[in-house]
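Every heavy atom of this structure was used, including side-chain atoms; hydrogens, water molecules and symmetry mates were not. Numbering starts at 1 and runs along the sequence shown.
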Amino acid sequence: MAADRRIVIDHCAIATVDAHDTEYASGHVVLNGNRIEAVGAGPAPEDLQDVVRRIDATGHLVTPGLVNTHHHFYQWITRGLATDHNLFDWLVALYPTWARIDEPMTYAAAQGSLAMMARGGVTTAMDHHYVFPRGSGDLSGSIIRAARETGVRFTLARGSMDRSEKDGGLPPDFAVETLDGALAATEATVKEHHDASFDAMTQVAVAPCSPFSVSTELLRQGAELARRLGVRLHTHGSETVEEEKFCHELFGMGPTDYFESTGWLGEDVWMAHCVHMNDSDIAAFARTRTGVAHCPSSNARLAAGIARVPDMLAAGVPVGLGVDGTASNESGELHTELRNALLVNRLGAHREAALNARQALRLGTYGGAQVLGRAAEIGSLEPGKLADLVLWKLDTLAHASIADPVTALVLGAAAPVTASFVNGEQIVENNRLLTVDEDAIARSTREQAQRLARIAAQG
């Protein structure tokens, strides 16, 4: 949107999620082009110039857009499989199918994943894509194209694997890359697609998959590549007790020490899960400002455990929320993770105050922006930041009797999204996407899921 084209949102409750957790029981937000121009109490000034639209948001809570910090879009077409497995058994069951994905499947799966998140309040998404079967086409390009069409801000974590079954890893041999091939393809993806500007819609991170699916050299050289190119680093870390055992057996140390030995702790790094972290691990993450993507639903689905999020926050570790792949979180919605993060982290005796509703909202907004390295641009409603925000309808049967709007959003039923704006452009209206055809995407994802199942069944 051009500057000096103002949209005024009036008469709404506002949770800014700024440094002071400023809130307004009834306030206004003014968007000017792709930036937030003003946030304050009461109605917006009547004499504003160049106002192209005024929205009466009575009965709504306005928050920053949700920021998803970990996902695997391709899994949208393998939902509902291996539903009673732990992580390693689940991976063994699904890798033979995933190893047969191609560009049409990946594009359709990305469309489905993005559409589900966007209609539920996500304005910034990320995808950790690490499966690149030989001859499968331009998978990274297809994912980025789907994000661009949906209209969300996007980070592609260009993943890689070079440790296959013959090397003691889990993926089939034909589903992994060589060390040199993975590094070269990752560098090419960064150079073609990464935008370092303040209002970037597409960014790229370097993201070898996990300690048990990549070589030490790929981790080490991947970190060097990311820092040479000036982009962020992402991987899975400390997800299960099996992973911790694997690291001790293979490397003679736990996951955190192993990551530090390969250059994988730092303020430009974030890791998914981090469930099995002891006090020294958390201290190392806090000291280095290494970020965490907390995925409560996936961790519960795979019986991985409960991440020590309250302890991480108390130590100063940046923490955001992640959907994770929808083969381990079939709903694919980030706004449900606000509630699940709060509930899961209260499990246990005398933990009723372990995490509260405002902390959960912060995890899903500003915390996610921190983890993605974009806290200066998104994650809170403040003048000068990018115009990424959501209007949640809280005056219906599901929420109207809850006095506190943040509590209603986090602990109540999933709230309808009346409007969602990304970069000043509206992408959702009354729980429907304005940018893409949801019904066409549903058909396409079903067709590609069936196609993948047929190909996998043929071996």
Side-chain angles (χ1 to χ4, degrees), residues 70-102 105-106 109 113 127-134 136 139 157 159-178 182 207-216 218-219 234-251 254-255 258 271-276 295 297-305 322-330 332 448-459:
H70 186 65
H71 209 316
H72 308 294
F73 290 174
Y74 74 90
Q75 292 181 14
W76 187 263
I77 56 175
T78 60
R79 293 191 293 166
L81 305 176
T83 56
D84 304 307
H85 293 53
N86 66 24
L87 175 67
F88 275 28
D89 292 343
W90 176 82
L91 289 171
V92 169
L94 290 174
Y95 264 135
T97 298
W98 294 340
R100 289 165 174 82
I101 61 172
D102 60 17
M105 295 175 191
T106 303
S113 297
D127 182 31
H128 185 192
H129 189 88
Y130 53 84
V131 182
F132 291 90
R134 294 171 200 146
S136 54
L139 304 189
S160 53
M161 299 185 292
D162 68 341
R163 185 193 294 275
S164 67
E165 288 174 322
K166 66 177 173 55
D167 305 309
L170 298 178
D173 295 345
F174 63 87
V176 304
E177 300 171 281
T178 64
C209 182
S210 66
F212 51 85
S213 60
V214 307
S215 65
T216 299
L218 181 52
L219 276 178
H234 180 59
T235 191
H236 297 88
S238 301
E239 186 173 359
T240 65
V241 291
E242 291 84 5
E243 178 191 331
E244 185 170 10
K245 181 181 177 183
F246 176 92
C247 288
H248 276 287
E249 289 178 351
L250 204 62
F251 312 122
Y258 175 60
M271 296 190 197
H273 305 299
C274 299
V275 173
H276 297 277
C295 306
S297 294
S298 175
N299 293 342
R301 159 81 149 80
L302 297 172
V323 169
D324 203 6
T326 48
S328 65
N329 176 6
E330 277 70 9
Q448 292 299 331
Q450 291 169 346
R451 178 172 162 255
L452 176 57
R454 288 194 301 270
I455 292 172
Q458 294 166 3

*asked:* Could you report the tightest heavy-atom contact between C247 and G254, atom names first, then the distance?
replied: CB-C, 4.2 Å
*Can you tell if the side chain of T326 reaches within under 4.5 Å of the side chain of H71, non-hydrogen atoms only?*
yes
*Taking H128 for the side chain and A207 for the main chain, is one N or O donor matched with an acceptor at less than 3.5 Å?*
yes
*Please test V241 against K245 for side-chain contact (heavy atoms from CB on, under 4.5 Å), starting from the C-alpha separation and ending with a verdict.*
CA-CA 6 Å; V241 291; K245 181 181 177 183; over 6 Å; no
*Taking the side chain as every heavy atom from C-beta outward, state whether L452 and T97 have any atom pair closer than 4.5 Å.*
yes
*With distance as the sole criterion, is a donor-acceptor pair present between the side chains of H234 and H236 under 3.5 Å?*
no
*Test T240 against F212 for side-chain contact (heavy atoms from CB on, under 4.5 Å), laying out the working first.*
CA-CA 12 Å; T240 65; F212 51 85; 5.8 Å; no
*Is a side-chain N or O of S113 found less than 3.5 angstrom from the main chain of F73, in a donor-acceptor match?*
yes
_Do V131 and I101 make a side-chain contact, defined as non-hydrogen atoms from C-beta onward lying under 4.5 Å apart?_
yes
*Name the orientation class of the two ring planes belonging to H72 and Y74 (parallel below 30°, tilted from 30 to 60°, perpendicular beyond 60°).*
tilted
_Testing the basics here: between Y95 and C209, what is the closest heavy-atom pair and its distance to 0.1 Å?_
OH-SG, 4.5 Å
*asked:* Between H129 and T106, does the side-chain contact (heavy atoms from CB on, under 4.5 Å) criterion hold? Intermediate values first, please.
replied: CA-CA 10 Å; H129 189 88; T106 303; 4.1 Å; yes
*Would you check if there is a donor-acceptor pair between the side chains of T216 and Y258 at a distance under 3.5 Å?*
yes
*List the atom of A304, the atom of V275, and the distance in Å for their closest heavy-atom pair.*
O-CG1, 3.6 Å
*If we ignore angles and hydrogens, is there a donor and acceptor under 3.5 Å between the side chains of N329 and S298?*
no
*Residue pair F132 / G159: nearest heavy atoms and the distance that separates them*: CE1-O, 3.4 Å
*Using 4.0 Å as the upper bound for N to carboxylate O, is an ion pair formed by D173 and R134?*
no
*Just checking, is any N or O donor in the side chain of W90 or S328 under 3.5 Å from an acceptor N or O on the other one?*
no
_Would the distance check show the side chain of E243 and the main-chain N or O of S238 forming a donor-acceptor pair, the cut-off being under 3.5 Å?_
yes
*Expected output: side-chain S213 to main-chain M161 donor-acceptor under 3.5 Å*: no
*Taking the side chain from N299 and the backbone from C295, do they hold a donor-acceptor pair closer than 3.5 Å?*
yes
*Taking the side chain as every heavy atom from C-beta outward, state whether E177 and Y130 have any pair of such atoms under 4.5 Å apart.*
no
*Considering only heavy atoms from C-beta outward, does the side chain of V214 approach that of R163 to under 4.5 Å?*
no
*Hey, do the aromatic rings of F246 and F88 have their centres closer than 6.0 Å?*
no
*So, the side chain of R100 versus the backbone of P96: is there a donor-acceptor pair under 3.5 Å, distance only?*
yes
*Is the closest side-chain heavy-atom distance between M105 and L139 below 4.5 Å?*
no
*Atom CZ of R454 and atom CD of Q450: how far apart are they, to the nearest 0.5 Å?*
6.5 Å
_Donor-acceptor check, side chain of E239 to backbone of H273, threshold 3.5 angstrom: yes or no?_
no
*Could you walk me through whether D102 and R451 pass the salt bridge (Lys or Arg N to Asp or Glu O under 4.0 Å) test, one step at a time?*
CA-CA 11 Å; D102 60 17; R451 178 172 162 255; 2.4 Å; yes
*Is there a side-chain contact between S160 and L218 (heavy atoms, below 4.5 Å)?*
yes
*If you look at every heavy atom in L219 and P208, which pair is closest and at what distance?*
CD2-CB, 4.1 Å
*asked:* Pairing donors with acceptors under 3.5 angstrom, does anything connect the side chains of H70 and D324?
replied: yes
